Amino acid sequence: VPVGFPLRDWIDGHAAAPHNLARSGMGPGLSTVRAALAEPLPEADPLALRDELARTIGVVPERVFLHHGASEANGSVLFFLHHEAVRARRARPTVVTETPEYPPLGDLARWVGFRPAAGRATVRIVSDPHNPTGQRRGTEAWRGLVGSARATLVDETFREFRDVPSRATSDTRRVWATGTFTKAYGADAIRVGWAVVPSAAIGPYSEFHGLAYNDVAAHSVAAARALLRRRRRILEESRAIFERNLTLVRRRLPEVPRLDAPVLLDRAPAWPDGDRFARALLARGVLVSPGAFFGAPDAVRICLTQKSFAEDFEAYLAVRGPAPPAE
Ligand SMILES: Cc1ncc(COP(=O)(O)O)c(C=O)c1O
């Protein structure tokens, strides 16, 4: 019986593999996070956390809403947008997603009731930086994207791996942005994320959020504040690990571009079938995510988040090799 969604079940179900290249967050290994949480925690004040988060994002605090992770924030925003569109009597609200894309984004939208469409839509959803390709869109591509829908939900789960502004800072009307402490901060355990909503939606979203989500646990609020207090050094540590791993990858696979997030969609010339490749890797103790989960069946996704990456990547390359092993 699945406990999460298929990609998550795959990653969690094989987490014991000796070479784990499937973790897209930094995980519990950051020493700066351990140090930040070992200090006396700040007061568990959700409004203070909201203000501090808003300052790091660069938006007014009223636009920021706390959630239990980006997953919940995405679900909540989509549910809200669907409700608003139906209330405005839009026949059947439509959604456009990318391929490849982080799978729950499109699945969630369809589940909520959006009809997949091409062209102009009620809602456009993107992860940016993009999971699974690790790249952030350029300004022109971004403008085109926002211009093609009434509202854009941008999942900025990986934004903090580079020093780049939130998309919510440049558009206060159509952009809904979500974020989390689970990736660059490696703080899975506290389950804190957020949504930044357009200025005009503050009132109605606040009403819905208050009814549906109420408060984030006090301990999580205090811990999130502790992480923001040490934000600079935590992000320095996670960015340094990412950068070092990226240098290793680009030395061995020179065609890989500079990435903005620690995820890479790799198409191995010798392995045109990503599922077969992933299973062959697993048989050698290397865990990756089959690209099929993201809509890219000819690829696998590897993550550049772990301190053990150098060894894990060598084990990966040993299978990736110039030619597939004989059947
Ligand atoms: C694009 C994207 N959004 C959301 C999430 C989940 O974030 P959270 O753990 O904060 O719910 C992930 C996790 O891999 C992700 O890659």
Side-chain angles (χ1 to χ4, degrees), residues 3-15 20-28 33 49 53 57 64-79 97-109 111 124-137 152-162 164 166-168 176-196 213 216-217 220-221 223-224 227-228 238 242 259-265 287-291 293-296 300-306:
V3 287
F5 49 89
L7 167 65
R8 188 184 142 189
D9 289 342
W10 166 268
I11 295 171
D12 291 353
H14 300 98
N20 192 331
L21 288 169
R23 256 189 224 126
S24 65
M26 300 308 293
V33 168
L49 172 59
L53 253 180
I57 301 170
V64 177
F65 291 84
L66 300 180
H67 279 283
H68 298 94
S71 306
E72 183 190 278
N74 289 333
S76 171
V77 166
L78 288 172
F79 184 86
T97 51
E98 317 265 296
T99 305
E101 183 57 275
Y102 178 61
L105 297 178
D107 290 347
L108 196 49
W111 205 94
R124 180 108 201 193
I125 313 178
V126 282
S127 57
D128 189 68
H130 188 218
N131 182 9
T133 65
Q135 289 180 287
R136 190 170 194 263
R137 281 160 191 82
T152 297
L153 167 59
V154 54
D155 178 331
E156 299 186 316
T157 280
F158 293 97
R159 180 174 61 83
E160 292 87 348
F161 282 98
R162 297 269 180 224
V164 292
S166 166
R167 301 292 188 182
W176 298 67
T178 54
T180 181
F181 283 94
T182 57
K183 303 297 171 186
Y185 291 94
D188 303 70
I190 69 171
R191 291 304 298 154
V192 180
W194 59 87
V196 184
Y213 303 106
V216 169
S220 294
V221 170
L227 299 181
L228 287 183
S238 48
F242 167 38
L259 301 176
D260 302 307
V263 290
L264 169 69
L265 194 65
L287 178 64
V288 301
S289 300
F293 285 122
F294 299 84
V300 298
R301 187 196 69 169
I302 67 172
C303 300
L304 287 61
T305 50
Q306 302 303 301

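Counting starts at 1 for both ligands and their atoms, in listed order. Computed from a predicted structure; not experimentally measured. Positions are given from 1 along the sequence.
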Heavy-atom cut-off of under 4.0 Å around ligand 1: list whichever protein residues fall inside it, by chain and number.
->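 Heavy-atom contacts below 4.0 Å: S24, G69, A70, S71, Y102, N131, D155, T157, F158, T180, T182, K183, R191.
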
Hey, what's the ring geometry for F294 with Y102, parallel, tilted or perpendicular (30° and 60° as the breaks)?
->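 Tilted.
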
Just checking, any donor-acceptor pair under 3.5 angstrom between side chains of T178 and N74?
->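 There is such a pair between these side chains.
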
Heavy-atom pair of closest approach, residues [X] and [Y]:
X: I302; Y: L304; value: O-CD1, 3.9 Å
X: I57; Y: W194; value: CD1-NE1, 3.4 Å
X: L259; Y: R162; value: O-NH2, 2.5 Å

Could you tell me whether R137 and E98 have a side-chain N and a carboxylate O separated by less than 4.0 Å?
->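 Answer for the salt bridge query: yes.
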
